[in-house]
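One structure is given below, encoded as structure tokens.
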Amino acid sequence: MSRNQTLFEAACKHIPGGVNSPVRAFGSVGGTPPFIQRGEGAWVWDADGKRYIDYVGSWGPLILGHAHPQVIEAVQRAAANGLSFGAPTAAEVDLADLLCEMLPALDQVRLVSSGTEATMTAIRLARGFTGRDKLIKFEGCYHGHADSLLVKAGSGLLTFGNPSSAGVPAAVAADTIVLPYNDVAALEAAFAEHAGKISAIIVEPVAGNMNLIKPSPAFIKAMRTLTENDGSLLIYDEVMTGFRVGLHCAQGLHGITPDLVTLGKVVGGGMPLAAFGGRADVMAKLAPLGPVYQAGTLSGNPVAVAAGIATLQLIRQPGFFENLTAKTSQLVDGLQAAANAAGETFCAQSVGGMFGVYFSKNTPQSFSEVMAADKARFNAFFHALLDEGVYLAPSAFEAGFVSAAHSNDDLQYTFAAAKSAFSRLT
Ligand SMILES: *Cc1c(COP(=O)(O)O)cnc(C)c1O
């Protein structure tokens, strides 16, 4: 038995499913997850000493690659001064200033420790600010695991959501309206039906938790116009897209100023750090200034803040996103060429440093179209690539990530592996 298998068996004894976050368990693709021992640049090494080019990047944060020397140094320097104080530190001010400078939508920002906390609180704040309870989210978008977000569409689309997890009270889910992504007519109908009762729309402005789905220009515009006209708030959940699709996030690409923004992943550079922020009048409702409560023992943790600042400073260098975007589109072009040569029904696309691959004829526009892709074929491709030393996200329903550390040689290695993997499918 391999060391990975031995470790996984041992892990299952005292950790439910052997993992501390479910998708890591390889449930969707089958097999045993490799246990990662270390990472450097674009590569990770598992417990059996096998190495992989990593296109997961800790599910998005590692835009500079693994163990970037400047980020590690910043973390070591901060850690030497103490790990946590539960009192204000100067570096938190620096990070807040930097975020508000980079994103015009942010007048103020609060630091938290996970994307889930950021979205959960942004929604509470939107409800507290508007005095309304209803929330619109879109099918296939993930916003962390707070109760009011673990909801799927009910039978009547415009009426009530149903819990998508056991343990979520039906009463909580009932205030969440779940609509299809990119469906302007459904959005207009929901605002007509629930006028004056909707606190906010929360959206992944480029969806990356149902593989990668791009929003249509009409959809982007409708969300902004409808919320503005109804007095509800637009929350851009940029936990994944923030500083991943571009220096000014998806809102910069869209030319949209959301009322609230949530950030995570890249903003913490691999450490547990996330943030939410937005309009001054909305943020003024937050404790200790206002009546909407939120707190965190480790919020603004100095070591995490140091990693975040070091990361943001590096991605602000001129040309960073131009290079990352070009490299990521080179990756999807190369995968497409390998698929075409093998006669495979396959397509791929990218936005900034994130990408999607689909075993379908056309790039999907919604959750139902993603679900229609050939999942069994993805799973076979995933395992063939893993054998070849290329690590994709272990699910057909996740986006992939390229880092600044991925070199041209790494891309060429990936194309050769893909060629071999496609040939093994047929
Ligand atoms: C990852 C993610 C979250 C949740 O963040 P955690 O840090 O895992 O809690 C929320 N929203 C989006 C869009 C995400 O991709």
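Atoms within a ligand are numbered from 1 in the order they appear, just like the ligands themselves. Just so you know, residue 1 is the first one in the sequence shown, and it goes up from there.
Checked against a 6.0 Å centroid threshold, the rings of Phe367 and Tyr181 do not count as neighbours. Aromatic ring centres of Phe382 and Phe26 lie closer together than 6.0 Å.
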Would you be so kind as to tabulate the donor-acceptor pairs closer than 3.5 Å made by side chains of residues 56-72, with sequence neighbours excluded?
{"residue": "His66", "atom": "NE2", "partner": "Asp54", "partner atom": "OD2", "Å": "2.7"}
{"residue": "His68", "atom": "ND1", "partner": "Gln70", "partner atom": "N", "Å": "3.1"}

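The residues lining ligand 1, counting any heavy atom closer than 4.0 Å, are Ser114, Gly115, Thr116, Tyr142, His143, Gly144, Glu204, Asn209, Asp237, Val239, Met240, Lys265.
A salt bridge links Glu101 with Arg316: the distance from a Lys NZ or Arg NE/NH1/NH2 to an Asp or Glu carboxylate oxygen falls below 4.0 Å. The existence of a salt bridge linking Asp175 and Lys134 is confirmed by a sub-4.0 Å separation between a basic side-chain nitrogen and an acidic carboxylate oxygen.
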Using the rule given for salt bridge (Lys or Arg N to Asp or Glu O under 4.0 Å), can you reason through Arg279 versus Asp107, listing the C-alpha separation, both sets of side-chain angles and the distance that settles it, and then say yes or no?
CA-CA 5 Å; Arg279 271 166 51 182; Asp107 294 325; over 6 Å; no
